[in-house]
Structures are given as C-alpha cells and as structure tokens.
Amino acid sequence: MSENPYSTAVLAWYEDNARDLPWRAPDASPWAVLVSEIMLQQTPVVRVLPAWHAWLARWPTPDALAADAAGEAVRMWNRLGYPRRALNLHACAKAIVARHGGAVPTAHADLLALPGVGTYTAAAVASFAFGQRHAILDTNVRRVLARAETGIEYPPKTPAKAETRLAESLLPERPDVAARWGVAVMELGALVCTARSPKCADCPILDRCAWVLAGRPAYDGPPRRGQTYAGTDRQVRGRLLAVLRAAPGPVAKPALDAAWDEAVQRERALDALVADGLVDPLDDGQYALPG
DNA sequence: GACACGTGGAT
DNA sequence: TATCCAAGTGT
C-alpha cells in the first residue's frame, strides 16, 4: 500500500483528520463535485459552503441550471467573487446538456473542454467524482511538495513542468488509492502545511520533510506581490455588478453612475463587464444581468 | 509568461 | 491599517 514514501502516513492522517465536507459525501453527484470545484477556485471553503448548498438546492442538475437564464446564475453567485465563474458554470450546464446528454462527462479531455475548467479542475472532478488516476496539483499540493520534496517554503508563482512530473511520480498505481491520495495531500496542505504558520507538530511526514530537515529556511525567492484592490477596475466592476444583482430588473444608467465617481474608470469597467457577458446593455439604454 | 479577474477573514 | 491568502483560468 505504501506506493510512495509518504502515502501510508498521509492516507492514515487523512483517515483521522479529513473535514466532513458535503461534496465529499459518498452520494455527492458529479455535478455537485463540479460545482464545488468551480466555487473553490481561489475561494475559501467556509465561504463556499453556504453558496454550494443554495446553488444545488436550486439547480440540482445541469438540466435545471441550463433551463434558467445566465443572469440568474450571476445573481445567485452573490458575493463569492470572480463572478465570471457563475457564467462559466451556466455555460458548463448548457454544454453538458448539449454535448453529454445532461451527465457530467467522465473523460478528462471532455471535462477540460468545459468553460472555466482548467487542468486542476478537470483532474479534480475526474479523480474525486469518478475515482480516476490523475495528478492533483493545486496551491495546497504545490506547497506540500515544495516543502516535503524540494525543501523550500513556497513553490514558484507559476507552476513548473517539474512540479507536474513530481506529482505524477508520486501517484499511487491503483486509481482508487490515487484519488484518495490526491484529496489527502490537498487536505494536509489546507489544514497542517499551511502558507503561514504551518502546524509542523501535527504533520504525519515531519520526519521526511526536506524543508524541516533543512532547518525551515526562510523564503528567499522574488517577492510574491500582493495585489492592491482598493481603486482598481476590479473593485469598480464589483460595485457595478452589485447594483445589478440587488435590483429586481433592469437598471438605468444613473444608478450605475452612482456606484463610482470617476467616470473614465467607471465606463471602462462597465464596458469590460459587457464584453465579458456579465452585463447586458438593453436597447432602451438600461442595463441588466444577462438573459 | 505576466496579468486580470472579487471578496473577505486573518494576522 | 496594510498585507497576505484562499481547491485557478483565460488571454
């Protein structure tokens, strides 16, 4: 069963410490898993939980969502962030109905072809929903491998080929074990091997961690620049979309103008929202969430 | 490959 | 208060 130096310890740790997340329940549908993965992109679990429950209560299947307007998805998305994910999920539902008879596809390539589904999400759904053998390489796993294998505190900003090869080399042979391994390493990164203040005392592979064995050297790579948010187009887009979400129907231009003082930036943000399909300019000059 | 893309809790 | 960070993707 120990197919890589860590698997036995990590799998045993997961057995005892895994969070009881609803999308991990045995009866969670592939659609429920896909919805969770899209929502979890760059978004903490605690904020996804209520949104996920509400979403699936309203749209328990791809057919249900595909039958509704895209704007309803954007409205339901509320303040989860990166609202184009709501559009992506709606487009996923449409594509799943059109191309796959309403069932979430099982093939990695078919998953990858869905809007908003990239390398990570396709692997995650194939693995977690369908028990297939795929390398899972999200921010948690990258951090665990950077520390345990490479001996550095943080992985490079953009994933390197070497990281993918490493993750694949550690993959257990049996698909069911590989799937379990993937979620277990992710959970280890989320709960123990955290970005700040890792709980090394609780780590099941502490005695094999290259970073710990090297004396936990401080990160010395290039500064990982954090993005300021106040005053950016992103903030303006958020303000504008919040006005649209709060309104029961189409909104007149002055209502949007009130959301941001600086006209040039406001118009640029609005144009971008329209270009992204998040806002629909009506013939009468009003604006609405997309039909 | 760098950058844009939301939001809010923790430190 | 400012910065960091959270199951990434598309361009």
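Chain identifiers are assigned alphabetically (A, B, ...) following the order of the sequence lines, protein sequences preceding nucleic acid strands; residue numbering begins at 1 within each chain.
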To the nearest Å, how far apart are [X] [atom1] and [N] [atom2]?
X: L80(A); N: dA6(C); atom1: CG; atom2: C1'; answer: 12 Å
X: L145(A); N: dA7(C); atom1: CG; atom2: C1'; answer: 15 Å
X: Y219(A); N: dT3(C); atom1: OH; atom2: P; answer: 17 Å
X: L240(A); N: dT7(B); atom1: CG; atom2: C1'; answer: 16 Å
X: L241(A); N: dC5(B); atom1: CG; atom2: P; answer: 13 Å
X: K157(A); N: dC4(C); atom1: NZ; atom2: P; answer: 10 Å
X: W77(A); N: dG8(B); atom1: CH2; atom2: C1'; answer: 15 Å
X: Y14(A); N: dA7(C); atom1: OH; atom2: C1'; answer: 12 Å

Nearest-neighbour nucleotide for the [X] side chain, [options] considered:
X: W23(A); options: dA7(C), dA6(C), dG8(B); result: dA7(C)
X: L21(A); options: dA7(C), dT7(B), dG6(B); result: dA7(C)
X: R245(A); options: dC5(B), dT7(B), dA7(C); result: dT7(B)

Please determine if a side-chain N or O atom of [X] lies less than 4.0 Å away from the OP1 or OP2 oxygen of [N].
X: Y229(A); N: dG8(B); value: no
X: R237(A); N: dG6(B); value: yes
X: R143(A); N: dA6(C); value: yes

How far does the P atom of dC5(B) sit from the matching atom of dA7(C), given to the nearest Å?
23 Å

Considering only the P atoms, how many Å lie between dG8(B) and dT9(C), rounded to the nearest integer?
23 Å

Evaluate R143(A) against N140(A) for side chain to side chain donor-acceptor pair (under 3.5 Å), listing each step before the verdict.
CA-CA 5 Å; R143(A) 191 172 52 247; N140(A) 291 302; 3.0 Å; yes

What nucleic acid atoms does R79(A) come within less than 4.0 Å of, heavy atoms only: base, sugar-phosphate, or nothing?
sugar-phosphate

Atom CG of residue position D16(A) - does it have more than 12 heavy atoms of other residues, nucleotides or ligands inside 6.0 Å?
yes

What distance separates F128(A) CZ from M186(A) CE, expressed to the nearest 0.5 Å?
3.0 Å

Toward the 5' end of DNA chain C, which comes first, R196(A) or E37(A), by nearest nucleotide?
R196(A)

Taking only N/O atoms, report every protein-nucleotides 8-11 of chain C pair under 3.5 Å with atom names and distance.
| unit_1 | atom_1 | unit_2 | atom_2 | d |
| --- | --- | --- | --- | --- |
| dG8(C) | OP1 | T139(A) | N | 3.4 |
| dG8(C) | OP2 | Q42(A) | N | 3.0 |
| dG8(C) | OP2 | Q42(A) | NE2 | 3.2 |
| dG8(C) | N7 | Q42(A) | NE2 | 3.4 |
| dT9(C) | OP1 | G118(A) | N | 2.8 |
| dT9(C) | OP1 | G118(A) | O | 3.4 |
| dT9(C) | OP1 | T121(A) | N | 3.0 |
| dT9(C) | OP1 | T121(A) | OG1 | 2.8 |
| dT9(C) | OP2 | Y120(A) | N | 3.4 |
| dT9(C) | O2 | R84(A) | NH2 | 3.4 |
| dG10(C) | OP1 | G116(A) | N | 2.8 |

Decide, yes or no, whether a salt bridge links R75(A) with E72(A) under the criterion of side-chain N to carboxylate O below 4.0 Å.
yes

May I ask you to say whether D233(A) pairs ionically with R237(A), meaning some side-chain N is under 4.0 Å from a carboxylate O?
no

Aromatic ring pairing W181(A)/Y6(A), orientation class (parallel under 30°, perpendicular over 60°, tilted between)
parallel

